[in-house]
**Q** 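Take this structure, written in structure tokens, and hold onto it; I'll ask about it next.
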Amino acid sequence: MKDASPATAPETIYLKDYTPFGYDIESVHLTFHLAPEATRVLSKIRFAPKADATDATFFLHGEELKLISAKIDGQEVSPTLVEGGLKCDVPSAPFTWEAEVEINPAGNTALEGLYMSNGMYCTQCEAEGFRKITYYPDRPDVMSTFTVRIEGDASVMLSNGNPMGKGEGWAEWHDPWPKPAYLFALVAGDLVNHPGQFTTKSGKEVELNIWVRPGDEDKCAFGMEALKKSMKWDEDVYGLEYDLELFNIVAVDDFNMGAMENKGLNIFNSSCVLASPETSTDANFERIEAIIAHEYFHNWTGNRITCRDWFQLCLKEGLTVFRDAQFTADMRSEPVKRIEDVIALRARQFPEDNGPLAHPPRPEQFQEINNFYTATVYEKGAEVIGMLKRLVGDDNYYKALKLYFERHDGQACTIEDWLKVFEDATGRDLSQFKLWYSEAGTPRLKVSEDYADGTYTLTFEQSTPPTPGQPQKAPRVIPVAVGLLSPNGDEVRGTEVLELTEARQSFTFEGLAAKPVPSILREFSAPVILERETTNAERAFLLAHDTDPFNRWEAGNALAKEVRVAMVVDGATPDAAYLDALEKLVRDDDQDPAFRALVLSPPSQADIAQTLAERGHTPDPQKIYDAAETFAQTLAQQLETSLPRLYAATTVDGPYRPDAESAGKRALNGRILSLLTRLDGGEQAARQYATADNMTQQYTALSCLMKAEKADAQSQAFFDQWQHDRLVMDKWFALQIACASPENAAATAAALTRHPLFDMKNPNRFRAVFGALAGNHAGFHHASGDGYVLLADNLIALDKLNPQTTARMCAAFQTWKRYDTARQERIREQLLRIAGTDGLSRDTNEMVSRILDA
Ligand code: 0A1
Ligand code: ZN
């Protein structure tokens with residue numbers, strides 16, 4: 001009798017088990033015969049056994065491949081097919097491996113490997129997608145040059161590197177730079193291009209192209225300018241020049257992430273490259289500029305220097321996010337960018353770092369690497385570099401980076417290599433600093449103060465709560481930027497960076513005539529949670545007087561949170577002093593409109609829930625929602641007489657321009673319109689909707705009307721106007737759910753999943769609906785539990801098609817332990833239902849198990 005075989009437990013991969021591959025690859029030749037359901041891929045790879053190999057096993061990764069034939073040095077061989085690939089006996093001297101496989105791009109809904117999107121062939125190989133194209137050592141430390149021949153009937157056929165030739169039905173490409181397989185790309189389709197040109201600082205001419213579907217060519221100009229600005233900026237700031245004759249960008253509609261930095265052939269989610277004033281908001285323009293820069297910057301930080309293994313992902317991602325943030329700060333406004341980044345960090349990374357999915361920027365184990373493209377690896381990874389730069393100073397930072405590029409160009413590196421460069425360039429010991437890479441969790445920084453006889457003392461106590469697998473935490477190096485203000489508002493000590501290294505540490509400031517007001521953690525100099533007993537009066541004082549714009553915003557933000565917490569916990573009424581401070585600010589034309597818009601933007605309801613949880617309360621989503629509504633209504637009433645005038649004064653007339661200054665003004669105008677809509681029943685918003693000639697103003701007006709439940713006509717008009725445009729339709733889907741009242745959110749989302757334009761296979765559309773549902777805090781967490789059930793139903797359905805996007809969306813449940821037992825029970829039920837689904841993917845299984853383990 002045959003035993004019932006137990007379900008195989010998913011394998012866990014550990015950093016400590018790293019072993020190099022036993023072979024070098026001298027060259028790779030690939031030939032693709034494209035056909036939607038049966039593409040043939042021929043590979044010809046020159047392998048050389050390494051003299052010092054510790055493991056000579058010849059294992060090639062391969063998944064979902066039909067092996068047609070394999071040869072070594074021209075002789076047919078019969079490799080052994082094993083779980084996840086094949087093994088073969090190979091010669092002990094250099095040899096040529098040839099294989100022919102068949103794959104099915106049209107049936108590939110996971111969007112990893114070679115797949116089809118609207119009739120176009122495209123690839124996504126990071127992290128481990130190349131193994132779905134052919135048998136190969138699919139690991140980032142195996143690097144080679146690639147020569148690619150594509151045969152098919154598409155008018156445009158692209159791959160990495162420089163073009164070698166093309167004719168009727170074929171094209172050939174050669175990439176001279178050795179690269180890992182995850183940077184391989186191929187695109188074939190009937191595409192049109194928006195061309196451009198860039199001359200590098202050493203005088204090399206580079207041809208640029210953005211390739212899109214016919215009809216989208218009028219949405220490429222902004223992306224092209226962003227690309228040229230990025231190329232110039234990387235030369236000016238980091239001295240880094242582009243290294244091929246050609247740089248191609250392709251827009252695809254079906255894509256799991258934002259974009260991908262394949263060498264010389266970046267592939268973009270169309271939402272992250274296509275832009276026009278009529279169809280894109282200011283926020284879209286800013287994001288597109290940043291993502292184009294990010295992918296371009298990867299050419300050096302990621303491609304020329306790559307990662308030894310996937311545990312080192314933050315080596316390329318943290319650094320590249322840090323670089324794109326520097327770029328945006330330079331192109332736009334430094335303080336505004338910093339504030340936006342901190343808002344995003346708190347919204348996405350803090351919940352991760354303080355919940356069941358917490359992991360260090362460099363994790364030490366995973367089951368599915370795709371689950372580690374996280375806010376911790378990306379955004380906290382960038383914060384860590386920001387701290388390093390602050391600790392060593394700007395000059396030393398650029399000196400270390402110069403050394404990094406000199407020493408490691410062409411290599412696959414580790415975090416140790418990265419830190420060693422800083423140690424060698426500066427003479428500094430970074431062993432304690434390294435804890436930021438190896439330990440998870442957001443440090444708490446308790447601050448107390450003392451003043452006597454002209455001497456002011458600040459005492460810091462740091463501690464980091466336990467995280468999964470890491471119960472004990474050691475003190476970290478924390479750079480705390482501090483300035484001191486005198487009671488009359490003058491700055492008596494400019495910004496100084498205090499370097500914390502111990503669990504408890506004091507710093508003194510002498511010669512102060514009066515007890516100062518401290519401005520701590522200026523520019524958010526470290527990703528920590530500051531805990532300090534202070535008063536609303538002092539926060540209002542800092543909001544009015546701090547010279548550090550970040551901390552001025554932070555003071556306002558802290559006040560906004562305190563006021564809402566008091567409303568939720570004690571049933572307080574909105575704080576009058578805070579309302580006055582906001583009124584003063586909104587009228588203060590000397591202040592940057594973008595800054596005023598940020599201070600006027602309420603903290604998110606999820607953020608209030610997190611703050612309540614940190615203070616030991618169980619957040620009630622409905623009460624948080626009610627407090628937000630009451631506060632906004634009270635503020636609107638307080639400003640009642642001046643709102644129409646303020647609205648008129650901040651309206652941006654004239655042709656739309658996406659620059660930061662105009663966008664800042666429109667953001668302020670939008671905040672004012674949302675307050676005004678609470679009083680005028682939507683009159684002004686309807687007028688703005690009717691006359692808007694750009695998406696920012698149209699979208700803002702529509703969202704105000706939807707929130708007021710006065711948008712029936714406009715919502716239909718918007719649909720009629722834009723139903724042909726996929727990206728605008730994503731907005732229409734998302735907005736209805738984001739603006740729905742708590743009791744209607746799940747039903748609105750459910751209805752939209754039945755809309756003819758809902759397409760589960762398109763990640764953008766799925767995220768539009770379910771990202772909006774999860775983002776509607778009170779709606780998703782409505783006591784009925786309907787939001788949880790709807791999301792779980794759809795995750796179960798999506799997992800069969802696209803595990804990667806399903807797994808990422810599971811994070812909506814990660815904060816479940818902060819809510820009351822009834823909600824916890826409802827969420828747990830759904831998590832268990834997902835976990836119990838037959839044939840659940842490894843991706844989703846890992847996420848759900850980690851969340852359940854909380
Ligand atoms: N390296 C890309 C992000 C990316 C990661 C994985 C992908 O598919 C699984 C796709 C893109 C970046 O940082 O932009
Ligand atoms: Zn990246």
Side-chain angles (χ1 to χ4, degrees), residues 63 108-115 117 122-133 138 140 160 179-187 223 226-227 230 234 249-273 287-307 310 312-328 348 361 366-382 385 763-764 767 802-809 841-844 846-847:
E63 281 174 21
N108 182 350
T109 57
L111 316 182
E112 293 172 305
L114 179 67
Y115 65 94
S117 173
C122 62
T123 52
Q124 173 52 43
C125 293
E126 186 175 7
E128 299 181 333
F130 192 76
R131 63 191 61 185
K132 294 184 172 181
I133 292 178
D138 187 8
N160 314 91
K179 66 167 176 289
Y182 83 85
L183 292 173
F184 168 81
L186 177 153
V187 168
L227 174 60
S230 309
D234 217 13
I249 286 178
V250 181
V252 302
D253 289 336
D254 301 286
F255 201 74
N256 280 332
M257 308 276 273
M260 180 63 211
E261 69 264 22
N262 317 299
K263 184 81 188 187
L265 178 53
N266 284 192
I267 297 183
F268 273 64
N269 186 321
S270 50
S271 71
C272 298
V273 56
R287 185 166 136 83
I288 287 167
E289 185 177 77
I291 296 185
I292 290 198
H294 179 95
E295 305 310 328
Y296 176 73
F297 297 157
H298 267 314
N299 190 54
W300 277 93
T301 51
N303 301 2
R304 287 288 285 260
I305 304 181
T306 192
C307 302
W310 290 120
Q312 321 294 332
L313 184 58
C314 75
L315 178 74
K316 74 176 176 86
E317 296 304 348
L319 178 54
T320 306
V321 171
F322 182 72
R323 277 154 44 73
D324 83 52
Q326 286 183 297
F327 168 80
T328 299
R348 305 199 313 121
F366 61 75
Q367 288 175 5
E368 173 49 63
I369 184 57
N370 285 330
N371 289 334
F372 286 82
Y373 285 78
T374 59
T376 299
V377 168
Y378 275 65
E379 276 78 30
K380 190 170 181 180
I385 295 177
N764 288 359
R767 279 189 289 257
N802 185 334
Q804 206 185 108
T805 291
T806 309
R808 307 194 108 228
M809 299 285 305
S841 67
R842 179 175 58 204
D843 308 54
T844 304
E846 182 185 27
M847 290 294 277

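None of these values were measured; they are calculated from a predicted model. When a ligand or atom number is given, it counts from 1 through the structure's own listing order. Computation of the quantities below employed the complete heavy-atom set of this structure, encompassing side-chain atoms and omitting hydrogens, waters and symmetry-equivalent molecules.
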**Q** Applying a heavy-atom distance cut-off of 4.0 Å, which protein residues contact ligand 1?
**A** Q124, E126, M257, A259, M260, E261, H294, E295, H298, K316, E317, N370, Y373, Y378, Q804

**Q** Anything under 30° is parallel, anything over 60° is perpendicular, the rest tilted; go ahead and classify Y378 against Y373.
**A** tilted

**Q** Does any non-hydrogen side-chain atom of E317 lie less than 4.5 Å from one of H298?
**A** yes

**Q** Checking only N/O/S atoms, does E295 have one that is under 2.8 Å from the Zn ion (ligand 2)?
**A**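 Under 2.8 Å: E295 has no N, O or S contact with the Zn ion (ligand 2).
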
**Q** With the Zn ion (ligand 2) as the reference point, give the N/O/S atom of E317 that is nearest.
**A**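 The Zn ion (ligand 2) is closest to the E317 atom OE1, counting only N, O or S.
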
**Q** Does the N160 side chain pair with the main chain of K263, one donor and one acceptor, at a distance under 3.5 Å?
**A** yes

**Q** Once you measure the plane-to-plane angle for F184 and F130, does it fall in the parallel (<30°), tilted (30-60°) or perpendicular (>60°) bin?
**A**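 Geometry flag for F130 against F184: perpendicular rings.
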
**Q** Can you name the one residue among I249, L227, T320, I291 that meets side-chain contact (heavy atoms from CB on, under 4.5 Å) with Y296?
**A** L227

**Q** Between L114 and N108, is the side chain to side chain contact (heavy atoms under 4.5 Å, CB included) condition met? List the steps.
**A** CA-CA 8 Å; L114 179 67; N108 182 350; 5.6 Å; no

**Q** Side chain to side chain donor-acceptor pair (under 3.5 Å), that's the test. Do N764 and N269 meet it? Break it down for me.
**A** CA-CA 9 Å; N764 288 359; N269 186 321; 2.8 Å; yes

